[in-house]
Engineer: 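Structure below; questions to follow.
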Amino acid sequence: MSIIEEISAKLQAGKAKDIRELVPKALEEGHSAGDILEKGLLAGMSVVGEKFKNNEVYVPEVLIAARAMKTGVELLQPYLKSEGAEPLGKACIGTVEGDLHDIGKNLVKMMLEGKGIEVVDLGVDVSPAAFVAAAKEQGCTIIACSALLTTTMVKMREVVEACEAAGIRDQVKIMVGGAPVTEAFCRSIGADGYCADAASAADMAASFCR
Ligand code: B1M
């Protein structure tokens, strides 16, 4: 088993301690942070997701896998960030109201920061009003919304509407993403951009800033 496969397996087993040892070792062996993230941690989490869907694992197992994921992502963070980048713009990011999933949101945040964008992290369960308040008070020109549930992605429409009601719609670009979100959904709610993954989200955010 390669070290990357081992990282995936340990992630699936929720072994945060092993992840803490294996990720630096993989970096030392010359694996890129991007490969460790994509082929190790994310690959492992997608197996967990499939098993969760098929009732082969339950919330507690998913939570410990998520904790292991967080450990790994934190270790990779300095390597994924480009050093010395000039601040390009300011974004606020959050997982929409009613939704507690934050792994994807945290990855998007990290990738945006890697592009030199200052990011205000509003956390999870963020109301449309809180997105608007952050954009106004902190001068963010990008509002980035993440949702993982079909029942919460509809809140993204409310974020767009809240920006319109607050009179800031023409001052912000609203980006949406998360597993159930699609390009068609993005267009249907009048948001400015949909991205399927964190790296494309960072590219899009950077182009909005420019
Ligand atoms: Co939840 N969960 N979960 N869960 N969970 C899903 C999402 C689910 C698909 C599992 C399944 O059934 N297969 C399902 C949703 C079904 C649906 O609505 N269609 C589900 C469910 C049902 C639930 C609960 C309702 C379960 C319950 O209680 N019965 C509950 C809801 C709680 C709530 O939020 N109110 C729940 C709870 C949880 C845990 C707390 C146990 C845990 C979250 C821990 C945490 O986040 N800290 C959890 C997890 C971990 C998952 C799965 C297994 C993994 C999600 C994840 O982190 N993926 C997930 C199954 C799956 O997705 N396969 C599942 C890795 C992450 C990197 O991917 O977030 O998609 P993702 O981010 C991607 C892209 O989407 C994109 O970039 C990232 C990659 O580069 N992206 C953006 C994300 N945001 C973006 C924003 C952008 C652009 C791109 O622009 C702004």
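As the structure is a computational prediction, the values presented were derived from the model and not from experiment. Each ligand, and each atom within it, is numbered from 1 in the order the structure gives.
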Engineer: Please say whether Gly98 places an N or O atom under 3.5 Å from an N or O atom belonging to ligand 1.
Structural biologist: yes
Engineer: Identify the closest protein heavy atom to atom 37 (C) of ligand 1: which residue and atom is it, and at what distance?
Structural biologist: His101 NE2, 3.7 Å
Engineer: For atom 61 (C) of ligand 1, grab the closest protein heavy atom and report residue, atom and distance to one decimal in Å.
Structural biologist: Gly49 CA, 4.2 Å
Engineer: Hey, is the main chain of Val181 close enough, under 3.5 Å, to the side chain of Tyr194 for a donor-acceptor pair?
Structural biologist: yes
Engineer: Return the closest protein heavy atom for atom 50 (C) of ligand 1 as residue, atom name and distance.
Structural biologist: Val62 CG1, 3.2 Å
Engineer: Checking Asp192 side chain against Ile174 main chain: does a donor-acceptor pair fall under 3.5 Å?
Structural biologist: yes
Engineer: Taking Lys53 first and then Glu50, would you say they form a salt bridge - that is, a charged N and a carboxylate O separated by under 4.0 Å?
Structural biologist: yes
Engineer: Would you confirm whether any non-hydrogen atom of the protein falls under 4.0 Å from atom 46 (O) of ligand 1?
Structural biologist: yes
Engineer: In this structure, would Ile143 and Val124 fall into the same cluster of hydrophobic residues linked by side-chain contacts under 4.5 Å?
Structural biologist: no
Engineer: Between Leu11 and Met69, is any pair of side-chain heavy atoms under 4.5 Å apart?
Structural biologist: yes
Engineer: For atom 59 (C) of ligand 1, is there a protein heavy atom at a distance under 4.0 Å?
Structural biologist: no
Engineer: N/O to N/O below 3.5 Å, does that happen between Ala198 and ligand 1?
Structural biologist: yes
Engineer: Just need the protein heavy atom nearest to atom 81 (N) of ligand 1, so name the residue and atom and give the distance.
Structural biologist: Gly178 N, 3.6 Å
Engineer: Find out whether His31 and Ile3 are in side-chain contact, i.e. whether some heavy atom of one side chain is under 4.5 Å from a heavy atom of the other.
Structural biologist: yes
Engineer: In ligand 1, which numbered atoms sit nearer than 4.0 Å to a non-hydrogen atom of Gly177?
Structural biologist: 82 (C), 84 (N), 85 (C), 86 (C), 87 (C), 88 (C), 89 (C), 90 (O)
Engineer: Under 4.0 Å from atom 10 (C) of ligand 1, can you find at least one protein heavy atom?
Structural biologist: yes
Engineer: Is there side-chain contact between Glu97 and Thr152, with at least one heavy-atom pair below 4.5 Å?
Structural biologist: no
Engineer: Any sub-3.5 Å donor-acceptor pair from Asp197's side-chain atoms to Ser200's backbone N or O?
Structural biologist: yes
Engineer: Below a 4.0 angstrom heavy-atom separation, can you tell me which part of Ala65, side chain or backbone, both or neither, approaches ligand 1?
Structural biologist: neither
Engineer: Taking distance alone, with N or O pairs closer than 3.5 Å, would you say Thr150 contacts ligand 1?
Structural biologist: yes
Engineer: If you have a sec, work out which protein heavy atom is nearest atom 39 (C) of ligand 1 and how many Å separate them, to one decimal?
Structural biologist: Leu63 CD2, 4.4 Å
Engineer: Would a distance-only check, ignoring hydrogens and angles, find a side-chain to backbone donor-acceptor pair under 3.5 Å from Gln12 to Ser8?
Structural biologist: yes
Engineer: Using a strict cut-off of 4.0 Å, indicate which atoms of ligand 1 neighbour a heavy atom of Leu107.
Structural biologist: 67 (C)
Engineer: Between Phe52 and Glu61, is there a side-chain heavy-atom distance shorter than 4.5 Å?
Structural biologist: no
Engineer: Nearest protein heavy atom to atom 55 (C) of ligand 1, by residue and atom, and its distance?
Structural biologist: Leu148 CD1, 4.2 Å
Engineer: Find all atoms of ligand 1 within a distance of less than 4.0 Å from any non-hydrogen atom belonging to Lys53, and give their numbers and elements.
Structural biologist: 13 (N)
Engineer: Do Ile93 and Val126 make a side-chain contact, defined as non-hydrogen atoms from C-beta onward lying under 4.5 Å apart?
Structural biologist: no
Engineer: Would you kindly specify which portion of Cys145 sits under 4.0 Å from ligand 1, judged on non-hydrogen atoms: side chain, backbone, both or neither?
Structural biologist: backbone
Engineer: For Asp102 and ligand 1, does the shortest N/O to N/O distance drop below 3.5 Å?
Structural biologist: yes
Engineer: Do Val96 and Leu149 have side-chain heavy atoms sitting under 4.5 Å apart?
Structural biologist: no
Engineer: Side chain of Asp99, backbone of Asp125: donor and acceptor closer than 3.5 Å?
Structural biologist: no
Engineer: Among all protein heavy atoms, pick out the one at the shortest distance from atom 89 (C) of ligand 1; state its residue, atom name and that distance to 0.1 Å.
Structural biologist: Cys195 O, 3.3 Å
Engineer: Quick one: which of Gly104, Ser200, Ala196 has a heavy atom closest to atom 74 (C) of ligand 1?
Structural biologist: Ala196
Engineer: Measure across Cys92 and Phe131 and return the closest heavy-atom pair with its distance rounded to 0.1 Å.
Structural biologist: SG-O, 4.1 Å
Engineer: As an exercise, identify every atom of ligand 1 less than 4.0 angstrom from a heavy atom of Asp99.
Structural biologist: 34 (O)
Engineer: Atoms of ligand 1 less than 4.0 Å from Ala144 heavy atoms?
Structural biologist: 91 (C)
Engineer: Report the part of Ala201 (side chain from C-beta onward, or backbone N, CA, C, O) that has a heavy atom under 4.0 Å from ligand 1; answer both or neither where that applies.
Structural biologist: side chain
Engineer: Step through the shown structure and confirm whether more than 12 heavy atoms of other residues, nucleotides or ligands are within 6.0 Å of CZ on Arg169.
Structural biologist: yes
Engineer: Val59 heavy atoms, cut-off 4.0 Å: which ligand 1 atoms fall inside?
Structural biologist: 41 (C)
Engineer: Please say whether Ser146 places an N or O atom under 3.5 Å from an N or O atom belonging to ligand 1.
Structural biologist: yes
Engineer: I want to confirm something. Looking only at heavy atoms, which of Leu100, Leu149, Val48, Ile64 is nearest to atom 15 (C) of ligand 1?
Structural biologist: Leu149
Engineer: For atom 56 (C) of ligand 1, grab the closest protein heavy atom and report residue, atom and distance to one decimal in Å.
Structural biologist: Met45 CG, 4.2 Å
Engineer: Is Glu183 salt-bridged to Arg187, going by a charged N under 4.0 Å from an acidic O?
Structural biologist: yes
Engineer: Mind checking whether Leu42 has an N or O less than 3.5 Å away from an N or O of ligand 1?
Structural biologist: no
